[in-house]
Amino acid sequence: MKRRGWNPATWVSLVPNGLGQVKPNHYWEMARTVWENRDSLGKAWRILNEGVCDGCALGTAGLRDFTMKGVHLCTVRLNLLRLNTMPPLDVRRLEDVTSLRDLSGRDLRALGRLPYPMIRRRGERGFRRISWDAALNEIAARLRAADPRRIALYLTSRGITNETYYVAQKVARFLGTNNVDNAARLCHAPSTTAMKQALGVAASTCSYRDWIGSDVLLFIGSDAPNNQPVTTKYLYYAKQHGTRIFVINPYREPGLERYWVPSVFESALFGTRLADRFFQIHTGGDIAFLNGVLKHLIERDWIDRSFIDAHTCGFADVQIALAGQSWEELEQASGSTRAEMLALAEVLAQAKSAVFIWSMGITQHEYGVENVRAILNLALARGFIGREYCGVMPIRGHSGVQGGGEMGCLATAFPGGRPVNAEQARWLGKQWGFAVPDWKGLSCGEMLDAAYDGALDVFYAVGGNFLDTMPDPDYIRAALSRPALRVHQDIVLTSQMLVDPADTVILLPAATRYEQRDGGTETTTEREIIFSPFITAPPGEARSEWEILMQVAERAYPERARLIRFADGYQIREEIARIVPEYDGIQRLRKAGDHVQWGGRILCRDGQFATPDGKAHFTPLTPPQTQLPPGMFVLKTRRGKQFNSLVHAERDPLNGAARDDVLINPDDAARLGLREGERVVLRSEAGEMQARIKLAPLKPGNIQVHWPEGNVLIDARRRDAGSGVPAYKAVVSIHRLAS
């Protein structure tokens with residue numbers, strides 16, 4: 001399709017750069033980043049120019065990516081930059097943690113990088129510095145003495161490399177446990193589960209370049225301009241090539257309505273209208289709405305029958321299930337109408353290509369796996385998988401989660417996605433030279449449950465902050481206080497480190513990906529494995545993350561230490577290529593910009609699926625029903641000006657919402673007699689929080705608050721049964737706050 005020139009029909013305003021609009025000020029943020037890093041501008045420039053972004057999983061290498069020409073740089077990356085350039089903190093601040101508990105996560109990070117190993121015993125007011133030998137020996141002794149089933153290892157996704165994930169999961173198995181998990185369990189675990197079962201692959205089936213030239217981009221429960229702002233440049237060029245953008249979401253996300261792309265002159269000047277149409281549904285109404293769209297496609301014979309017959313199975317069961325679901329039932333469950341479902345069905349029927357993109361609005365439900373299956377059903381029915389400009393894409397919000405799962409850093413899967421069972425454990429044991437446990441391990445939520453129940457002796461956390469990322473912080477605080485040994489391997493202070501120890505807490509200072517010996521790799525949403533070189537030495541005595549984990553294991557079992565030892569990062573990549581065949585080529589990545597895309601641009605090409613029978617699998621689905629008592633609302637958490645749980649500002653520049661605002665439909669607020677800015681209390685079965693009314697274009701009956709502030713309202717044990725992801729939502733009531 002021929003690219004157009006300037007297109008005034010897509011302009012937002014004639015006012016230059018949207019002056020006076022509620023929008024990000026990209027140029028001011030660039031200037032602020034320079035000021036924040038003024039003491040290390042050389043290092044900051046090398047990280048930006050040579051390193052692979054440690055933010056979202058878009059995968060910008062240096063200042064470029066693999067989708068289009070030109071400079072690619074976003075505010076998320078700029079906001080994270082200081083974490084990599086800041087000086088070490090003064091460890092005397094840790095001698096008494098009482099005052100630190102009053103600091104926000106942002107303030108704790110601002111104290112500086114962790115420079116030395118630190119220890120705190122039960123009854124002590126704070127931490128004291130110890131040597132690496134003392135720290136490693138103590139951890140190793142505790143691990144050796146513990147029942148492997150009472151050991152748990154968790155890794156977040158903050159810039160962690162494939163090498164660290166691979167070594168971490170190998171260390172866990174070396175210690176005799178499968179209790180190892182990563183942050184994908186909090187976001188896209190339902191995508192992995194559903195796609196592996198239905199398609200045989202657990203990754204995006206297409207590439208970002210397929211956005212530009214596709215007839216339709218359908219975003220479902222995803223706000224890419226907020227979480228992956230560089231993608232707005234792709235959306236701009238997609239619009240220039242005639243692509244239409246549609247959104248299914250309870251909230252008309254301002255960033256998907258219009259955006260000012262700072263690196264495109266036309267868009268920076270006049271803004272760009274992105275979404276062609278929003279389909280607003282109830283929170284949790286996705287299955288009902290998508291079932292309705294598919295029902296229309298079937299009734300009008302707008303499906304790709306030849307593709308279905310040749311490359312799929314189970315479609316007849318879906319037809320039967322949909323025939324038994326009335327339009328009234330689908331309308332009630334979705335919060336939409338039969339006509340709206342038909343409108344989207346017509347869009348898909350007329351399109352020759354489409355890419356389906358979703359994020360945590362789809363996955364973070366107690367039926368997250370079924371939500372993803374509903375998307376897959378719709379894509380398969382139109383044959384929109386396995387061709388260029390077509391595909392399904394669970395867009396990753398963190399640079400480590402795609403590779404973390406593929407490296408086997410999961411309680412339920414070995415490297416390469418092999419299931420945890422006796423056969424695969426024997427095979428892996430032969431490759432590694434030691435016995436590998438064959439029992440299913442504890443996922444993240446189950447680890448915390450075990451800690452709460454007193455069933456863990458050692459809890460080893462690489463990064464993360466469960467007090468911010470998990471529901472019900474009081475429950476999490478109690479859980480963290482109970483293991484005899486808690487280890488926090490990280491680059492900065494977090495509030496979970498300050499939870500009083502049952503016996504001992506040890507802090508281990510880690511290097512960032514830019515400080516990792518021999519460099520490291522990450523895997524992007526589109527399966528690009530990219531090499532990020534060593535750029536600068538870490539502060540103080542911080543060490544590469546994979547080296548710390550390896551050294552702990554060597555000291556726990558010195559008699560077989562040779563079986564877990566890696567001489568360097570190159571040796572790790574050689575082993576990854578051998579154990580995970582899809583990653584062949586990683587061993588040849590050695591310098592900045594080196595990359596290889598496993599599976600190529602398109603997976604499942606020409607209808608060839610990696611399932612045991614070679615076919616894609618449809619799944620009949622029954623929409624969940626939510627019966628709201630009068631005056632109650634469905635609450636969902638959302639992101640603001642933040643990256644994961646790292647809050648960067650008190651106000652979201654895309655919609656103007658403050659951290660303590662509750663987004664509510666104006667009609668709902670009027671029925672409650674509430675005005676903009678009025679203080680209220682939100683109450684659920686799990687807890688309550690104070691908030692301020694913020695009127696927003698949200699589907700009636702639904703409200704949203706920021707995450708992690710809203711976690712106090714959410715039940716810690718309410719999770720998706722198929723994947724273990726927490727359901728970050730609740731049924732709440734709203735009460736005017738007494739003055």
message = What verdict does the side-chain hydrogen bond (donor to acceptor under 3.5 Å, both in side chains) test give for N79 and H648, after you've listed the backbone C-alpha separation in whole Å, the side-chain angles of each residue and the deciding distance to 0.1 Å?
response = CA-CA 7 Å; N79 289 325; H648 294 301; 4.8 Å; no
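- Looking at Q642, its side chain never comes within 3.5 Å of a backbone N or O of R639 through a donor-acceptor pair.
- Taking CZ from R638 and OH from Y251, the interatomic distance works out to 5.5 Å, rounded to the nearest 0.5 Å.
- In this structure a side-chain-to-backbone donor-acceptor pair under 3.5 Å is missing from N227 to G397.
- At a threshold of 4.5 Å between non-hydrogen side-chain atoms, the residues V247 and E257 do not count as touching.
- E515 places a side-chain N or O within donor-acceptor distance of the main-chain N or O of T512, the cut-off being under 3.5 Å.
- There is a side-chain donor-acceptor pair under 3.5 Å between R513 and S399.
- For Q597 (side chain) and E526 (main-chain N/O), a donor-acceptor pair under 3.5 Å exists by modelled atom type.
- Considering CZ of R173 and CG of N178, their distance stands at 4.5 Å, rounded to 0.5 Å.
- A side-chain N or O of E163 and one of T521 form a donor-acceptor pair less than 3.5 Å apart.
- Shown here for L199 and A616, the closest heavy-atom pair between the two residues is CD2-CB, 4.1 Å.
- Formation of a donor-acceptor pair under 3.5 Å by the Y514 side chain with backbone atoms of V52 is found in this model.
- Judged by distance alone, with hydrogens and angles left aside, the side-chain atoms of Q496 form a donor-acceptor pair with the main-chain N or O of G464 at under 3.5 Å.
- Listed for the Q364 side chain is no donor-acceptor partner under 3.5 Å among the backbone atoms of A727.
- Judged purely by atom type and a 3.5 angstrom limit, R77 uses its side chain to pair as donor or acceptor with the backbone of L48.
- Ring-plane geometry between Y234 and Y208 is classed as tilted, the angle between the planes lying from 30 to 60 degrees on a 0 to 90 degree scale.
- Using cut-offs of 30° and 60° for the angle between ring planes, the F356 and F384 rings count as tilted.
- For the atom pair CG (L58) and CZ (R396), the distance works out to 14.0 Å, reported to the nearest 0.5 Å.
- Ring-centre distance between H488 and F466: not below the 6.0 Å cut-off.
- Taking the six-membered ring for Trp and thresholds of 30 and 60 degrees, F289 and F279 have ring planes inclined between 30 and 60 degrees apart.
- Between the side chains of W358 and S191, at least one donor N or O sits under 3.5 Å from an acceptor N or O.
- There is no side-chain donor-acceptor pair under 3.5 Å between D468 and S495.
- Looking only at distances, a side-chain donor or acceptor of N702 sits under 3.5 Å from a matching main-chain atom of T283.
- Taking CZ of F278 as the start and CG of D276 as the end, the distance is 10.0 Å to the nearest 0.5 Å.
- Side-chain atoms of S353 come within 3.5 Å of backbone atoms of D215 as a donor-acceptor pair (strictly under, hydrogens ignored).
- Rounding to the nearest 0.5 Å places CD1 of I602 at 8.0 Å from SG of C390.
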request  = Any chance you could lay out the salt bridge (Lys or Arg N to Asp or Glu O under 4.0 Å) test for E582 and R527, step after step, and finish with the verdict?
outcome  = CA-CA 10 Å; E582 293 86 353; R527 297 170 280 102; over 6 Å; no
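- Salt-bridge annotation for K729 and E366: present, with a side-chain N of the basic residue lying under 4.0 Å from a carboxylate O of the acidic one.
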